[in-house]
Amino acid sequence: MRHLLEIDDLTVDELRHVLVLAQHPSPPQVLAGKGMALVFEKPSLRTRNSMEMAVFQLGGLPVYIQGDEIGLDIRESVEDVTNTLAGFHAAIGARVFEHSKVERMAAVDRLPVVNLLSDAAHPMQALADVLTVVDEFGSVEGRSVAYVGDSNNVTRSLGLAVGMLGGEFRIASPPNYSFGEEDLARLRSTGGTIHTMVDPYEAVEGADVVYSDVFTSMGQETEAEVRLSAFADYQINSDLMSAAGDAVFLHCLPAHRGEEVTSDVVDSPASRVWKLAENRMHAARGYLAFALGES
Ligand code: CP
Ligand code: NVA
């Protein structure tokens, strides 16, 4: 039973294998006649669509379930929901607020659980991120990825994936929004080179990839005003991209144009954001083909 709660639930070899499967032209029909439940406590454009299309391409039926409708821990417990869905589906994907909810689904251990974003991690995003770096440069090894902004769920999964594949990961965050020792130790345990700093210009210098995410993640809306001022110097604009040289720009999206990134950067020739969004589907298909058994 394979669960993917964070990207380092995969070994390095498995991660490489998933990336190969993601590029496979004929998807194995591992979900033929089967369903996958997709539970969303938060909004989604990319994750829902990429998962639904991946399940379809693998021969299965995706069933989208709104969090409000089933009320995780309100109408019934996470465990009771998981046990019920296990009677219908071959796998469950869930986007939740508290990471403990996907851990509890996995602990039921009746069907493979895929974390579709929790407050702690976004492994399916990280898979697409490194797939996009591979598309661009041939491999992650020896490449440097500079992440500028909040040290959050996307940063954590991305840093682990880059580290696992032998890349260099630099994070520029304001002091109050940087990772603590526990996170840094986990990132460094991949064997990758991890640097943290405060100055975004220092982070992007000579980088191959400049990466951005929103300043205020879903669930943090009450902090939006404080965060906007704390991150005022962390916008990716043409000045910062010029300082990076000929780096490509990635953003997990949605982008708040004019906040963490300017429109001219999103729409610039250096931007690979649409490629990254599309890669969510290829990465999801590769992961499910791996987890549900290729044939
Ligand atoms: N990047 C990402 O997860 O996008 P959605 O929130 O739209 O799914
Ligand atoms: N860090 C963001 C990512 C959105 C895809 C959030 O959690 O809202």
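All heavy atoms count here, side chains included; hydrogens, waters and symmetry mates do not. Start at 1 and go down the list; that is how both ligands and their atoms are numbered.
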K42 contact mode with ligand 1 (heavy-atom cut-off under 4.0 Å)
neither
To the closest 0.5 Å, what do you measure between CG (L165) and CG (L15)?
4.5 Å
Any ion pair linking R156 and D8 (charged N to carboxylate O, less than 4.0 Å)?
no
Pairing donors with acceptors under 3.5 angstrom, does anything connect the side chains of S157 and E6?
yes
Pairs of nitrogen or oxygen atoms closer than 3.5 Å, one from R48 and one from ligand 1: do any exist?
no
M218 N/O to ligand 1 N/O under 3.5 Å:
no
Neighbouring residues of ligand 2, heavy-atom cut-off under 4.0 Å:
L117, N152, N153, V154, D213, V214, S217, M218, L253
So, is C252 polar-close to ligand 1, with some N/O to N/O distance under 3.5 Å?
yes
Sequence neighbours excluded, the answer for side-chain hydrogen bond (donor to acceptor under 3.5 Å, both in side chains) partners of E202 is none
Tell me, please, whether F249 has R272 positioned over its six-membered ring: NZ or CZ under 6.0 Å from the ring centre and within 45 degrees of its axis?
no
Determine, using the 4.5 Å side-chain heavy-atom cutoff (strictly less than), whether L117 and F97 are members of one ILVMFWY cluster.
no
Quick note on ligand 1: atoms under 4.0 Å from a heavy atom of H122 include exactly 2 (C), 3 (O)
Where ligand 1 meets R280 - atom numbers and elements under 4.0 angstrom, heavy-atom basis:
1 (N), 2 (C), 3 (O)
As a quick check of understanding, evaluate side chain to side chain contact (heavy atoms under 4.5 Å, CB included) for L292 and K34, giving each step before the final call.
CA-CA 11 Å; L292 302 172; K34 297 176 184 173; over 6 Å; no
With rounding to the nearest 0.5 angstrom, report the CD1 to CG distance, I74 to D68.
8.0 Å
Which residue owns the protein heavy atom closest to atom 4 (O) of ligand 1, what's the atom, and how far is it?
R46 NE, 2.9 Å
Distance filter under 4.0 Å to L45 heavy atoms, resulting ligand 1 atoms
5 (P), 7 (O), 8 (O)
So which bit of L117 gets within less than 4.0 Å of ligand 1, heavy atoms only: side chain, backbone, both or neither?
neither
Rounded to the nearest 0.5 Å, what's the gap from CE on M105 to CG on L85? Could you check?
7.5 Å
Can you find a heavy atom in the side chain of M241 that is under 4.5 Å from one in the side chain of D264?
no
Enumerate the atoms of ligand 1 whose separation from the nearest heavy atom of R95 is less than 4.0 angstrom.
3 (O), 5 (P), 6 (O), 8 (O)
Check step by step if salt bridge (charged side-chain N to carboxylate O under 4.0 Å, His left out) holds for D119 and K42.
CA-CA 11 Å; D119 287 356; K42 301 174 182 176; 2.7 Å; yes
